[in-house]
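As a basis for the values below, the full set of heavy atoms in this structure was taken, side chains included, without hydrogen atoms, waters or symmetry mates. Note that the structure is predicted; figures quoted are calculated from it, not measured. Every chain is numbered from 1, with letters handed out A, B, ... down the list of sequences.
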2 protein chains.
Amino acid sequence: MVERAGLPLPWRLTPERWHIAAKRYAKLSKRLAISFGDGSPAHDVDLAKAEILLCVGNDSPALIPRAPHLKWIQATAASVERFVGSVPSSIILTNASGADPKKSGEYCMTAMLMLNHRVPHFTTSQRAAKWDPLWSTPIEGKTAIIIGTGAIGSATARRAKPFGMKLIGISRTGKANPLFHKMAKTKDLKKYLPQADFVVVATPLTPETQNLLDRSALDLLPKQAGVINVARGLIMDYEALAEKLTKGELAGAILDVFPQEPLPPDSPLWNTPNLIISAHCAVDDRDFHIDHVFDIFYDNFTRYLGGKPMRNRVDLKRGY
Amino acid sequence: MVERAGLPLPWRLTPERWHIAAKRYAKLSKRLAISFGDGSPAHDVDLAKAEILLCVGNDSPALIPRAPHLKWIQATAASVERFVGSVPSSIILTNASGADPKKSGEYCMTAMLMLNHRVPHFTTSQRAAKWDPLWSTPIEGKTAIIIGTGAIGSATARRAKPFGMKLIGISRTGKANPLFHKMAKTKDLKKYLPQADFVVVATPLTPETQNLLDRSALDLLPKQAGVINVARGLIMDYEALAEKLTKGELAGAILDVFPQEPLPPDSPLWNTPNLIISAHCAVDDRDFHIDHVFDIFYDNFTRYLGGKPMRNRVDLKRGY
């Protein structure tokens, strides 16, 4: 297990956290010889013997060449686009997709409600010390397009259900899904955008989703629509988005992810009207993310021992 | 019906809006001789004959002396504290409490979710162009103290239920209410404040609730608590609240109402950290508020004709 120094709290793979999880999986834990390290040269002796690697994922490229016996990497993050290219096909890569669906689904629902009640309008006028009333109507009956119907998108749909919203799910295959009133393929997204009151981006970054919401796609959204991105910045054209927000061509946006993170202090996004920015905190559960990752890890460890198909296995070619 | 010039959209008592409602109550409408006016001297002839007045409420003091035959005022607002003292005991006053429970309950739930996900922290750091991650946990199992268990408080409890929150309701009588896990009397509020993750103020302004959340009450809240006020500014000590927010002694606050509205441009609240301000838009439904008021009005008109107890009748002594 590799914990890079300085990782934020939700992702820390500490011995204390492992011990809590190991109690739940006492028998399985006996079959593991575990070494904790920070990936520094002092860790090389253990890496040389390692068969399984549990790490934040982005550390893999630096670790793989030092671990010749490596057979399986369990990443503690859901997104693997930054290092998937450096994982050889002989290694199984599993990610932490779906670790915290309660947290991420709740966050996306919160963001839709905020857009519905025009909170970005109010935070914008607050910065100008301007009293500028703008009334709303309940969210019932309004339409959300949820791009990505995996763990986050499904959890969002579950949270949206009691609010009586209309949910359109977008996935690569467009396969029917009882959580959504309508499913469609990623390539048909543009057909549906004009119906959106809200768009939630919760899909992995892949060649197919990169710049999926480009200027021409954003231009299809109605003026009252609000946009949410908790996935990856590069899926959307933020320059076009900022222009539309500034011109009042969209109701608002809530962005948690950016092409460059931390978002640089001189980014014009900080001052874009009708936009609320958070710091890549939408998805991971502060207290239980690593705990949930251990659940995935031990489930996979059982499968690994039994030679069964792994959960959350990343298709190295597709990239997620 | 009196529509003061310049009223914002949700409250406009226009002939068009009345005609829509009158279709739903065709028989009853035939028993009404209706006059629309703006309360100016041109309206005096009609006011001299008026038996029933439908108006925003705050206009009543200027209208009552000019309407000697007045028997009943139906206010289009829920709050009557600014004019209830000028209504003589010979006149029945009914308010619009509970007109838009879906809207207000949804707003209060939105505000709790925003506080849970530390949105006020992010809007504060956004103003400083500062990337400052702060992770949360889901709202499930957290405790909300809802002060006021009328239409807004009850609608909030209904919305909170699917999120698995613990709900403590505070009312004058503390009478049991199945929507809340625990009910308590207003005078016992302080006992419960140390348990709060969220406090929602949704109670009328009365001598009993004025300054109810004073400095000593706010000091009882734990550091992770968030505060919401959609009722009346004078129920809370905003100076003490701003101090606590600035010192980081509370997680955040969402305020929709203020002692003086519009909030003056030089108010220090605009720049208070961890605070989100909206412009008294939390409760009223943009499109359907007046429609809902007409429903209350026609229900009351039936009762009025039949000499039955009126719905939403204001106790002129208690003030709500």
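- In this structure, the side chains of Pro10(A) and Ile290(A) stay at 4.5 Å or more apart for every pair of heavy atoms.
- Atom CD of Glu239(A) sits in a sparse spot, with 12 or fewer heavy atoms from other residues, nucleotides or ligands closer than 6.0 Å.
- For a residue to count as touching a neighbouring chain, one of its non-hydrogen atoms must lie under 4.5 Å from one of that chain's; by this rule Asp132(A) touches chain B with the backbone only.
- For the set Val119(A), Ile139(A), Asp287(A), the entry with the most heavy-atom pairs within less than 4.5 Å of chain B is Ile139(A).
- Distance alone, capped at 3.5 Å, places no donor-acceptor pair between the Asn274(B) side chain and the Gly252(B) backbone.
- Ionic pairing of Asp295(B) and Arg24(B) is present here: one or more N-O contacts between side-chain nitrogen and carboxylate oxygen are shorter than 4.0 angstrom.
- Between chain B and the options Phe122(A), Phe163(A), Trp270(A), the largest number of non-hydrogen pairs under 4.5 Å is found for Trp270(A).
- Chain B forms more heavy-atom pairs under 4.5 Å with one residue of Ala129(A), Ala111(A), Ser125(A), Ala128(A) than with any other, namely Ala129(A).
- Here Glu106(B) is the residue among Glu106(B), Lys103(B), Arg286(B), Met114(B) with the most heavy-atom pairs under 4.5 Å with chain A.
- Using modelled atom types, one side-chain atom of Asp197(B) and one backbone atom of Thr143(B) make a donor-acceptor pair closer than 3.5 Å.
- Contact count against chain B (heavy-atom pairs under 4.5 Å) is highest for Arg159(A) among Lys161(A), Arg159(A), Lys102(A), His280(A).
- Only the backbone of Lys130(A) comes within less than 4.5 Å of a heavy atom in chain B; its side chain stays farther off.
- The most heavy-atom pairs under 4.5 Å with chain A, out of Trp135(B), Phe258(B), Phe288(B), come from Trp135(B).
- With chain A as the partner, the residue from Ile276(B), Asp100(B), Thr123(B) showing the most heavy-atom pairs under 4.5 Å is Ile276(B).
- Neither the backbone nor the side chain of Arg118(A) comes within contact range of chain B; no heavy atoms are under 4.5 Å apart.
- Only the side chain of Asn116(A) comes within contact range of chain B, with at least one heavy atom under 4.5 Å from a heavy atom of that chain.
- You'll find the side chain of Ile228(B) stays beyond 4.5 Å of the side chain of Val199(B), heavy atoms only.
- With chain B as the partner, the residue from Ser267(A), Ser104(A), Pro264(A), Pro8(A) showing the most heavy-atom pairs under 4.5 Å is Pro8(A).
- Interface remark: of the candidates Ser136(B), Pro265(B), Pro133(B), Ser136(B) forms the most heavy-atom pairs closer than 4.5 Å to chain A.
- Within the 4.5 Å cutoff, side-chain heavy atoms of Thr137(A) are placed close to those of Lys142(A).
- Ion pairing between Asp237(A) and Lys244(A) fails under the 4.0 Å rule for side-chain N and carboxylate O.
- Taking the six-membered ring for Trp and thresholds of 30 and 60 degrees, Phe297(A) and Phe294(A) have ring planes more than 60 degrees apart, a perpendicular arrangement.
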